[in-house]
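Structure, as structure tokens:
Chain letters run A, B, ... following the sequence lines, proteins first and then strands; every chain starts at 1. Note that the coordinates shown come from a computational prediction; the quantities given were computed from them, not determined experimentally.
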Amino acid sequence: MSPEERASIRSQRLAKLEAMRAAGTDPYPYRFDRDRTVGELRAEFDVLEAGSETEVSVRIAGRLMLKREQGRLTFGQLRDRTGEVQLFVSAGVLGKEAFAEFNTLDRGDWVGVEGLVMVTKKGELSVKVTSYELLSKALRPLPDKWKGLADVDARYRQRYVDLTVNDDARRVFEIRFAAVDSIRAELRERGYLEVETPFLHLQQGGATARPFTTHYNALDLTTYLRIALELPLKRLLVGGFERVFEIGRVFRNEGIDTRHNPEFTMLEAYEAFGDYNEMIELVESLVSGAALSATGATSIEVHGHVIELAAPWRRVTMVDLIKEVIGVDIHPGMDLAEARAVLDGLGLSWKDSWGSGRCTHEVYDELVESKVIQPTVVLDHPRETSPLAKPHRDNPHLVERFEVIVDGRELANAYSELNDPVEQLLRFQEGAAQKAAGDLEAGDVDLDYIRALEYGMPPAGGLGIGIDRLIMLLAGVESIREVILFPTLRPESGLSEDDFRPA
RNA sequence: GCCUCUGUGGCCAAGCGGUAAGGCAGCGGACUUUUAAUCCGACGAGCGUGGGUUCGAAUCCCACCGGAGGCACCA
């Protein structure tokens with residue numbers, strides 16, 4: 001054994017395991033019956049005064065986060081999912097032998113303890129340990145107790161360690177789960193049914209994006225991982241479900257950066273008999289409700305300015321917003337040459353295949369969206385860029401669609417849903433032609449969906465919210481990887497079975 | 001895919017051409033009320049990997065592998 005190996009923390013701890021086993025103790029026992037959580041303990045005994053001793057015996061369990069040995073007295077810090085409490089471990093109480101044994105526990109070990117509730121002279125609620133049990137040995141040491149784990153690569157790859165030692169990481173995910181819970185609860189309250197639809201799709205559709213493909217052996221078929229939830233959910237409107245939603249992973253085979261992870265979470269909700277006007281009120285309510293329940297407030301401070309998420313949000317049409325923000329007139333109904341001239345004048349490039357609508361959208365996307373900070377409902381998009389939305393009732397160049405922009409980014413997207421099968425088929429065919437011409441993001445003709453529409457889909461409003469982006473906003477983080485538990489990373493190198501030898 | 005930055009013991013981190021600081025954790029010792037406990041002592045890496053330049057490289061160059069940011073594309 002080399003000096004390095006002899007000194008390695010892991011070998012020392014493996015040796016402790018062997019010693020325990022030799023003494024007839026299982027270092028990985030099957031269970032521990034606790035009678036309360038740390039949070040419950042705190043709630044129950046917070047009234048005690050400094051110096052109190054009680055005869056109340058409790059059983060708690062958690063991870064040992066800190067150990068302070070002090071001669072014949074040892075203090076520990078035990079954490080479970082609800083919080084931390086101090087362990088007061090005295091040689092006088094435990095007996096010399098058990099006390100010495102307790103001191104062989106390592107920071108990071110999972111332990112169960114039984115003890116009497118007390119408060120130290122300094123006022124720290126503690127459990128005076130009368131017996132304890134190792135529940136699971138940690139062979140690897142926890143990172144620095146001051147700095148935690150700072151290396152972002154390690155934080156993402158070993159999220160279990162990140163969550164153990166970095167309070168900020170835990171906080172972000174608490175916000176995430178609270179926000180999603182809030183959204184789910186509100187939709188259910190509104191009579192929406194939560195459903196699950198297939199991840200494996202036979203056609204590419206519901207959004208314009210490059211899909212992942214996979215092969216299904218039993219059917220000898222190429223299938224796509226879904227890029228959107230839209231088309232199955234709208235089939236359910238045809239089936240009479242009237243109000244449905246799904247919160248689920250979608251997959252897009254595109255770049256990875258601070259705003260994009262190849263798998264991410266979408267909420268889509270559809271409501272029969274309404275149109276996009278209902279969706280405005282719905283998204284305002286879902287987002288401000290999620291903010292309130294996840295962070296305790298509807299206003300959020302993001303790099304220097306305060307964003308107010310409470311309803312109502314500003315409503316403005318895309319054409320008016322472009323005019324307002326950059327002082328330029330462009331609209332989907334204008335002459336194509338004129339629209340191109342506008343783009344040229346702004347230094348934006350255009351493609352031959354684009355109509356005035358696509359040109360209008362380009363200006364909005366490139367120059368306007370990023371400048372909008374407060375929640376803004378941007379209404380009435382070009383027909384050309386929205387193949388699943390219903391034509392605008394007052395303007396043939398537009399569709400009834402809005403996006404919500406917050407802090408310069410798109411947070412939600414909604415339409416009055418297109419339910420005319422003849423029109424929908426035409427839109428699909430346009431997409432399929434683009435796909436045939438090499439556009440990897442364009443969709444297929446989904447004939448079954450058209451057939452569904454031919455049976456009749458009620459008029460409906462639909463809404464999509466990018467959950468990850470919402471959480472980024474609520475948690476105030478700049479990278480999508482911070483809000484996804486296990487973000488997509490390249491394979492790790494350098495991990496070898498040699499590092500896991502049992503001795 | 002391209003550009004820039006980056007990779008030092010389990011963790012944090014200095015060093016930026018002259019032969020690897022320091023802190024935390026761990027190990028040994030002292031200490032029955034500590035709170036990032038404290039004090040004393042001993043130990044642990046040749047600097048992502050592989051080449052190259054040089055009398056000499058963690059420091060410079062090249063390639064490769066991770067990571068971050070930006071560009072392009074998109075939610």
Side-chain angles (χ1 to χ4, degrees), chain A residues 2-13 15-16 50-51 65-77 84-94 99 104 106-108 118-126 128 138-158 161 164-166 206-210 227-228 250-268 349 365 369 403-404 409-413 439-441 464-470 472 478-481 487 489-495 499:
Chain A
S2 72
E4 184 195 340
E5 282 170 325
R6 201 177 316 117
S8 104
I9 292 170
R10 188 165 173 276
S11 341
Q12 288 166 9
R13 296 197 181 178
K16 286 184 185 176
M65 296 305 293
L66 231 40
K67 201 176 69 170
R68 296 184 286 275
E69 290 184 35
Q70 187 154 20
R72 293 169 55 73
L73 191 60
T74 294
F75 295 94
Q77 204 67 31
E84 286 190 15
V85 71
Q86 177 167 273
L87 302 179
F88 181 99
V89 190
S90 152
V93 173
L94 266 188
F99 178 74
T104 67
D106 292 296
R107 181 167 171 261
M118 60 168 284
V119 179
T120 62
K121 293 172 190 166
K122 297 273 178 65
E124 184 77 30
L125 181 67
S126 306
K128 187 193 284 179
L139 295 181
R140 293 177 187 255
L142 253 26
D144 192 291
K145 65 184 174 189
W146 297 19
K147 304 281 185 60
L149 188 64
D151 178 355
V152 288
D153 185 19
R155 288 188 47 235
Y156 297 155
R157 281 188 205 284
Q158 298 175 250
V161 179
T164 300
V165 299
N166 291 335
T208 51
R210 195 168 169 183
I227 56 173
V250 298
F251 306 83
R252 298 191 183 177
N253 204 343
E254 287 158 357
I256 298 179
D257 61 34
T258 38
R259 315 255 139 70
H260 303 268
N261 196 66
E263 48 180 307
F264 63 102
T265 302
M266 287 276 300
L267 158 73
E268 291 195 24
S349 56
D365 231 29
E369 197 176 83
E403 287 183 354
V404 174
R409 301 170 196 163
E410 181 188 339
L411 185 68
N413 184 18
D439 184 348
L440 295 169
E441 294 177 2
I465 297 179
I467 295 294
D468 310 278
R469 300 258 173 106
L470 172 63
M472 288 168 67
E478 289 299 313
S479 171
I480 196 169
R481 294 182 194 88
L489 298 170
R490 284 203 163 81
E492 184 176 1
S493 63
L495 213 51
D499 301 328

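- Using a 90° window around 0 for the glycosidic torsion, B:G44 falls outside it and is classed as anti.
- A:Q86 contributes a side-chain N or O that forms a donor-acceptor pair with the base of B:U34 under 3.5 Å.
- Counting heavy atoms from C-beta outward, A:F75 and A:K67 have side chains that stay 4.5 Å or more apart.
- For B:U32, the base has no donor-acceptor partner in the side chain of A:T74 [N/O atoms by modelled type, under 3.5 angstrom].
- Residue-to-nucleotide proximity on RNA chain B shows that, of A:K122 and A:L66, the 5′-proximal contact is made by A:K122.
- Between the CZ atom of A:R72 and the P atom of B:U33 there is a distance of 12 Å, rounded to whole Å.
- Counting to the nearest Å, the C1' atom of B:U35 and the CE atom of A:M118 are 13 Å from each other.
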Can you tabulate the close N/O pairs, meaning under 3.5 Å, that link protein atoms to atoms of nucleotides 68-72 of chain B?
residue: B:A68; atom: OP1; partner: A:R481; partner atom: NE; Å: 3.2
residue: B:G69; atom: OP2; partner: A:R481; partner atom: NH1; Å: 3.2
residue: B:G70; atom: OP2; partner: A:T258; partner atom: OG1; Å: 3.3
residue: B:A72; atom: N6; partner: A:D257; partner atom: OD2; Å: 3.2

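- One can place CZ of A:R252 at 5 Å from C1' of B:A75, the figure rounded to the nearest angstrom.
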For this session: Show your working on side-chain hydrogen bond (donor to acceptor under 3.5 Å, both in side chains) between A:R140 and A:Q158 and close with a plain yes or no.
Result: CA-CA 12 Å; A:R140 293 177 187 255; A:Q158 298 175 250; over 6 Å; no
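- Atom C1' of nucleotide B:A25 and atom CD of A:Q77 are separated by 17 Å, given to the nearest angstrom.
- Atom CD in A:E492 sits about 17 Å away from atom C1' in B:C64, given to the nearest Å.
- Where pairing requires Watson-Crick or G-U contacts shorter than 3.5 Å, the helical stems of RNA chain B with at least three consecutive pairs are B:1-7 with B:65-71, B:10-12 with B:22-24, B:27-30 with B:38-41, B:48-52 with B:60-64.
- Per the geometry, CZ belonging to A:R155 stands 15 Å off P belonging to B:G67, to the nearest Å.
- Taking the 5.5 Å centre cut-off and the 30° plane limit, the aromatic side chain of A:F75 is not classed as stacked on B:A37.
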Distances for protein N or O near nucleotides 21-23 of chain B N or O, under 3.5 Å:
residue: B:G23; atom: N2; partner: A:D144; partner atom: OD2; Å: 2.5

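- Counting to the nearest Å, the C1' atom of B:A75 and the CD atom of A:E268 are 11 Å from each other.
- The shortest side-chain heavy-atom distance between A:R107 and A:Q77 does not fall under the 4.5 Å cut-off.
- Between A:P143 and A:V161 the shortest side-chain heavy-atom distance falls below 4.5 Å.
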